Amino acid sequence: MHAGLANPQHHYLVCTNYFQTESGPVMLGTLHLHQSTVWQLVIGAEDFTCEVLLDSTDLQHRSPIRVSYDQVWQVMQGDGPQFDGDNQEDLLYENTGALSAFAQQGLPQ
């Protein structure tokens, strides 16, 4: 994904159980990642961190977030900001078990 963001045609949709922000977790958070919407991306062994636009009323504020890989249940790649969930070619990763487990257990303590 990191290398793919260098291409302005690549867009990614990352569906999570939750991701962490300055203000706390965003439940069932979906992130649209594109080279024009993500900054300071750091890929770690257990998570990735970056800055994104979370406030549609303040497009200058970049919010730092952290996404744990074990909370990601789907990643799609597309050639634009619209994604077709039925197109298996766009699906890079899917783990619906993570979503089911989260629905049963909720946030870790």
Side-chain angles (χ1 to χ4, degrees):
M1 189 171 70
H2 192 273
L5 286 169
N7 183 333
Q9 290 183 316
H10 290 172
H11 294 254
Y12 296 91
L13 190 68
V14 179
C15 301
T16 70
N17 293 326
Y18 71 93
F19 60 86
Q20 293 290 341
T21 70
E22 300 169 297
S23 305
V26 172
M27 308 300 285
L28 297 175
T30 301
L31 297 164
H32 170 244
L33 303 180
H34 179 260
Q35 68 177 215
S36 67
T37 64
V38 63
W39 300 270
Q40 307 299 323
L41 178 62
V42 176
I43 305 290
E46 296 180 9
D47 59 20
F48 72 87
T49 59
C50 60
E51 295 177 352
V52 296
L53 301 174
L54 292 179
D55 184 352
S56 63
T57 63
D58 183 2
L59 298 180
Q60 300 305 311
H61 180 70
R62 297 177 181 179
S63 300
I65 64 166
R66 183 178 61 79
V67 178
S68 296
Y69 298 134
D70 62 350
Q71 297 304 318
V72 174
W73 56 271
Q74 188 175 67
V75 178
M76 297 185 75
Q77 178 182 335
D79 292 333
Q82 304 300 319
F83 294 87
D84 180 0
D86 293 329
N87 186 355
Q88 290 298 308
E89 292 177 8
D90 293 346
L91 188 62
L92 297 179
Y93 173 81
E94 188 168 53
N95 180 5
T96 54
L99 182 61
S100 296
F102 180 74
Q104 293 173 0
Q105 300 167 5
L107 280 173
Q109 301 299 322

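This one's a predicted model, so the numbers in the text were calculated from it and none came from an experiment. Heavy-atom basis, side chains included; hydrogens, waters and symmetry copies ignored.
Cluster membership check: W39 does not share its hydrophobic cluster with I43, using side-chain heavy-atom separations under 4.5 Å among Ile, Leu, Val, Met, Phe, Trp and Tyr. Linking ILVMFWY residues whenever their side-chain heavy atoms come closer than 4.5 Å, directly or via other members, places L41 and L54 in the same cluster.
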May I have the list of side-chain donor-acceptor pairs in residues 31-38 shorter than 3.5 Å, sequence neighbours left out?
| unit_1 | atom_1 | unit_2 | atom_2 | d |
| --- | --- | --- | --- | --- |
| H32 | NE2 | H11 | ND1 | 2.8 |
| H34 | ND1 | S36 | N | 3.0 |
| H34 | ND1 | S36 | OG | 2.8 |
| H34 | NE2 | P8 | O | 2.8 |
| Q35 | NE2 | L5 | O | 3.0 |
| Q35 | NE2 | A6 | O | 3.1 |
| T37 | OG1 | H32 | O | 3.2 |
| T37 | OG1 | H34 | N | 2.9 |
| T37 | OG1 | H34 | O | 3.2 |

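Taking the salt bridge (Lys or Arg N to Asp or Glu O under 4.0 Å) definition, one finds that D90 meets it with nothing, sequence neighbours left out. Applying the side-chain hydrogen bond (donor to acceptor under 3.5 Å, both in side chains) rule to D55 yields the partners T57; only residues at least two apart in sequence or on another chain are considered. Taking the side chain to side chain contact (heavy atoms under 4.5 Å, CB included) definition, one finds that Q77 meets it with H10, Y12, L92, sequence neighbours left out. With sequence neighbours left out, D79 forms a side-chain hydrogen bond (donor to acceptor under 3.5 Å, both in side chains) with no residue at all.
Taking 4.5 Å as the limit, every side-chain heavy atom of I65 sits out of range of all side-chain heavy atoms of V26.
The shortest heavy-atom contact between A98 and V72 is CB-O, 4.2 Å. Considering all non-hydrogen atoms of both residues, C50 and V52 come closest at SG-CG1, 3.8 Å. V67 and F19 get closest at one heavy-atom pair: CG2-CB, 3.7 Å.
L91 belongs to a hydrophobic cluster whose remaining members, ordered by chain and number, are L13, M76, F83; membership requires side-chain heavy atoms of ILVMFWY residues under 4.5 Å apart, directly or through intermediates.
One distance of note links OG1 of T16 with CD of Q74; it measures 11.5 Å at 0.5 Å rounding.
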